[in-house]
Structures are given as C-alpha cells and as structure tokens.
Protein chains: 2
Amino acid sequence: MRSSYRDIKAIVLTRIRANIWPPGANLPGEIELAKEFGCARATVNRAMRELVDDGILERKRKAGTKVKSSPTRRAQFSIPIIREEITNTGADYRYVLLERQTITAPGWLRSRVEIPKGQKVLHLRCMHYAGRNPYQFEDRWINLAAVPNAAEYDFEDIGPNEWLVREVPFTDGELVFSATNASSEIANFLNTTDGTAIFTIERTTWLDKVNVTYARLYFSRDYKMTTRL
Amino acid sequence: MRSSYRDIKAIVLTRIRANIWPPGANLPGEIELAKEFGCARATVNRAMRELVDDGILERKRKAGTKVKSSPTRRAQFSIPIIREEITNTGADYRYVLLERQTITAPGWLRSRVEIPKGQKVLHLRCMHYAGRNPYQFEDRWINLAAVPNAAEYDFEDIGPNEWLVREVPFTDGELVFSATNASSEIANFLNTTDGTAIFTIERTTWLDKVNVTYARLYFSRDYKMTTRL
DNA sequence: AGCCTTTATAAACACGTACATAATAAGACG
DNA sequence: CGTCTTATTATGTACGTGTTTATAAAGGCT
C-alpha cells in the first residue's frame, strides 16, 4: 500500500518531535514531499491541512509551510446534553422545573445580548439531579421573539436545554467559563454552603445575529470538566 | 465558478436549518449530491467530512450520511502561552519565580501521573502578572526523568510553561477545569481574600505514555475563559 | 530611500477516476 | 430454518492533473 495521509501525518509529527524540523522551521514544499513519500501532492496536502487543523503547522501561500513556534494545540470538547452526561455515568437523571414566568427583558440582560427594550422573555429556573445528588442549577432566559413557540411549552418534563437543541437551530454560540462563590440561594439548591466555589458556565446562543437564549449553569460542588488535547 | 466545498457546506447547513433535512434524516448519497451541485464527488466528500468534524453530520459506510439528532457542536479553544494572552490585552507581562526545588515525587503526585517511586521531580512555583495585577499562580512539577535538562535551567526569566512548550514535545495532554476556594496562601498570591472562588486548570502532559509535567494553574479572581462554538 | 507594480511561487481548490473498506442485503446450502 | 458466502452499495482513501489565489520578493519609478 502507498503512504496514506495518516502515515504522512505520523512521519511529519515524528520529525517535528525529533527536532529534524524544529519549531519555526520551514519544511519542504508539497511537491518535494510528495516525491519523497512517493504519493500524490493531494495526499500530502490533506495531511498538511489536517496538521494545520490540529494546530501543529502554519501555512501561508507562497511562504510555505512551517512548524508553529508556539504550538497552541486546540483542545476540543463537546457540550453534551446534560441528561446524557449524567446517564453515561450510570446515575439516573432527574429534572425539576422550579420556576417559569414571562417577563420583559431586564436591563442587564438586554445589555448583554442586544434584545430591544420591552421585549418579552421567558425566564426558567430548574434543577438537574444525578440520582439524588444535585448536579446543576440552570437559570435561563429565552427570547420569545426568536422562539415564539417556547411560550406554549410548559417545560415540566423536558429541560429547556434539551428542548432548545431539538427545536431551535442556531448559528453562533458563546461559552464563558468561570468560578463563582455560591450565593445562599444557589448554595441551597446545590446542597452546599454559602461561598463554596462553583464552576459556572454562561452560554449565549444566536441564530443569525438575533439572540435565542442566555443561560447560567451552576454546577455542583467539585464538578470538573475534563478535556484532552 | 463551480460550487466550492464551502458553498456546499453552506447549502447543506441552510437545508438542515430549514428542516428540509431534519435531525436524524438520511441525506442523499455523495454521487447524487455531486450531480445536483454540478461538482465532483470529491468536493462533496470534503464538504461532508468537514461537517462531520463540526459535529453536524454523522456518516457510516453503506449506511449513508445523516443529520446528527443531538448536534453536539464541538467547541474549540486554544491554550495560549500566558505571556501572549496578557500582552494581547495591552497590559505588560511580568513573571516571577517564587520557588524552585528538586524533590522526590510525593505520593499524591505519583498516584496521579504514574511516576515510579523515588523519582526526582522539579517543583516550581511562580506568579504571572498583568501590569501590576496578579494574573495566575502556577504550581508545577516537572518529571526529571522525562526532561533531564530542566534540572540545569534556572527558570528565572522564562516561565516553565513557555520553556516546556518550546523545549519538550508532547503527544498527549489533559486539561481539567474546576472551581476551588482560595486557600489563604493562594489568596495572598492572587491578592484576594480567603475562600474566593478561583478558576483552576490542572494540566497534565505526556510524551508517549511517560508523564512530562503536571501543573495547577490558579487564575485571578473574576477570570473568565471564553470560547465560541 | 520610500512607494508602487510586476512576477514567480507555493498553497488552496477542484476534477474525474480508481480502488479499498465496511456494512448490509441477498442468495446458496447444509 | 438458520448459517455461511457472496453481491451490492455508500463512504473512505488515493492518484494525477489542472486552475486559482495570495503573497513575498524583485524590479521599476518618483
């Protein structure tokens, strides 16, 4: 068998690690590499493109391909549906809707997500449990202009997260990770004490520039998010 | 111009969003699509492959291509060199080495990263500042068996993070994100009060199964990590 | 010297063909 | 009737060739 693009990737990686092509170094052009590996240029091209994706190489037209000097490897993680995340651990998933009300978007929300003044939004608060342990407290606002049929759904059985990913497509999303000290209210929900450090995700979602939803997700004490490079 | 793979991606996405191809639906085979778009099968193939990468589609041989029912869009973020992260905001970067000592790997470290008993490791503690504000406290252990020349480097001017990415290649890495309450020591370093919620990253790095380094990175109060989908 | 315009070059993209591979469906056979 | 073998089929991978595009570098102009 001829060299597959996988083999080429492996060889290139080996050479980089062996410092044959140290960081910053220009490596030979595609035609030359194709000749060396005895394969078509397209095959080399694919291997190179994937290595750029992986954050190992940098390429510029005319300038050539070079090894990234600061290899900012891109970590990839997927945002799972929370139910799947819990059931995957073997625990069973329980969801409780705590509060559901339609309000006009408060100022802080409008400033955050560009919703016009007076716009109605649906505010939901709910808890997700793994077995009998609190797992996540979800504080969510849904833009009813973008998702009118949310107003008619009761969210008693299915969480807003899950409902939204199934019903509403989106084009852009932002995730902000941070650590917050639990307020007494949140501490209560998550069955911990005031001030406990809580891993928090803020998630904002847009469909073509118009905001769909904004959510604050407070995870249980000791929650860790893991990802591999 | 013929349809580029980008156009095809865009069209497919539009159709998915318009519910022409709802979640779970099988979409036509590559040959058929190629005929429709008036392009080569390879072009369709590339578009499809990238959409799988983006977490939009699922493909199986023979079974065909279908729209993922729960679109777990994969968020990608890069781990920048801390100096770049700071200088990019306009602030100037300052680094201080607080402590540097060679010790035999303690039990908790060995259990975490599979280092043989009695192995020497280099323990470093340092601070990174943005202007005059504390930015990150770094607590790092370097496996001297994997990186012998670290023993001869003083780390006075260049942080271990930066030195390592430049000097030592790695094959695997793990990142664990969590929130921790600041101990009084860490609160001191980060110029905050005891118990403040601190965004924390634990990073472990391997080169072909052997551990290179383990680090705990404590970020300043109010640090947020942002990523887009 | 500094600025603008070629020009050569290397990657980016696309095409059409061919064969490989995995998984399913259909048929042969005990 | 169930099991094994054999088509069939859709994606996966690779090839060789050709065109397009960005851009660094060289050359020309003010």
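Throughout, protein chains are lettered first and strands after them, A, B, ... in sequence-line order, and every chain is numbered starting at 1.
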Enquirer: How many whole angstroms separate atom CG of A:Asp7 from atom P of D:dT13?
Expert: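 These atoms are roughly 12 Å apart.
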
Enquirer: Classify the ring geometry between A:Phe199 and B:Phe199 as parallel (under 30°), tilted (30 to 60°) or perpendicular (over 60°).
Expert: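 Plane angle under 30°, so parallel.
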
Enquirer: What is the separation between atom CD1 on A:Ile31 and atom C1' on D:dG16, rounded to the nearest whole Å?
Expert: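 Interatomic distance, CD1 of A:Ile31 to C1' of D:dG16: 13 Å.
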
Enquirer: Establish, with yes or no, whether the OP1 or OP2 oxygen of D:dT13 is under 4.0 angstrom from a side-chain nitrogen or oxygen of A:Arg6.
Expert: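 Yes, A:Arg6 has a side-chain N/O under 4.0 Å of OP1/OP2 on D:dT13.
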
Enquirer: What is the separation between atom CG on A:Leu51 and atom P on C:dA11, rounded to the nearest whole Å?
Expert: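 Result: 13 Å.
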
Enquirer: What's the closest nucleotide to the A:Arg59 side chain, out of D:dT11, C:dA12, D:dC15?
Expert: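 Per side-chain heavy atoms of A:Arg59, the pick is C:dA12.
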
Enquirer: State which of D:dC15, C:dC15, D:dT11 makes the closest approach to the side chain of B:Thr65.
Expert: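 The answer is D:dT11, which lies nearest to the side chain.
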
Enquirer: Would you call the rings of B:His128 and B:Tyr93 parallel, tilted or perpendicular if under 30° counts as parallel and over 60° as perpendicular?
Expert: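 Taking B:Tyr93 first and then B:His128, their aromatic rings lie parallel (interplane angle under 30°).
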
Enquirer: Rounded off to whole Å, could you give me the CZ-to-P distance for the B:Arg49 and C:dC13 pair?
Expert: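 Answer to the nearest Å: 12 Å.
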
Enquirer: Looking at residues at least two apart in the chain, or sitting in another chain, which of them share a side-chain contact (heavy atoms from CB on, under 4.5 Å) with B:Arg221?
Expert: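 Checked B:Arg221 against side-chain contact (heavy atoms from CB on, under 4.5 Å); matches are B:Thr192, B:Thr196.
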
Enquirer: Enter the distance from B:Trp21:CH2 to B:Thr14:OG1 here, rounded to the nearest 0.5 Å.
Expert: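 Separation between the atoms: 10.0 Å.
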
Enquirer: On DNA chain D, check which nucleotide each of A:Ala40 and B:Gly29 is closest to and give me the residue with the more 5' one.
Expert: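 This one resolves to B:Gly29.
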
Enquirer: Counting the atoms with a prime plus P, OP1 and OP2 as sugar-phosphate, which does B:Arg46 contact under 4.0 Å by heavy atoms, base, sugar-phosphate, or nothing?
Expert: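 Sugar-phosphate only.
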
Enquirer: Give me each pair satisfying side chain to side chain donor-acceptor pair (under 3.5 Å) with a member in residues 144-155 of chain B, each pair once, sequence neighbours excluded.
Expert: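 Every pair satisfying side chain to side chain donor-acceptor pair (under 3.5 Å) with a residue in residues 144-155 of chain B: there are none.
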
Enquirer: Is any side-chain nitrogen or oxygen of A:Thr43 closer than 4.0 Å to OP1 or OP2 of D:dT13?
Expert: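 Answer is no, no contact under 4.0 Å.
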
Enquirer: Closest-nucleotide mapping onto DNA chain C: is A:Lys60 or A:Ala42 further toward the 5' terminus? I mean the 5' end.
Expert: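 Upstream on the strand: A:Lys60.
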
Enquirer: Rounded to the nearest angstrom, tell me the gap between atom CZ in B:Arg41 and atom P in D:dT11.
Expert: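 Distance, rounded to whole Å: 7 Å.
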
Enquirer: How long is the line joining NZ of A:Lys35 and P of D:dC15, in whole Å?
Expert: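 In whole Å, D:dC15 P lies 16 Å from A:Lys35 NZ.
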
Enquirer: Round to a whole Å and report the spacing from CZ of A:Phe37 to P of D:dG16.
Expert: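 In whole Å, D:dG16 P and A:Phe37 CZ are 15 Å from each other.
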
Enquirer: How many whole angstroms separate atom CG of B:Asn45 from atom C1' of C:dC15?
Expert: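 Atom-to-atom, B:Asn45 to C:dC15, this comes out as 13 Å.
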
Enquirer: Of the nucleotides C:dG16, C:dC13, D:dT13, which one has an atom closest to the side chain of A:Tyr5?
Expert: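 For the A:Tyr5 side chain, the nearest candidate turns out to be D:dT13.
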
Enquirer: By nearest atom, which of the nucleotides D:dT13, C:dA12, D:dG12 is closest to the B:Glu30 side chain?
Expert: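 So the side chain of B:Glu30 is nearest to D:dG12.
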
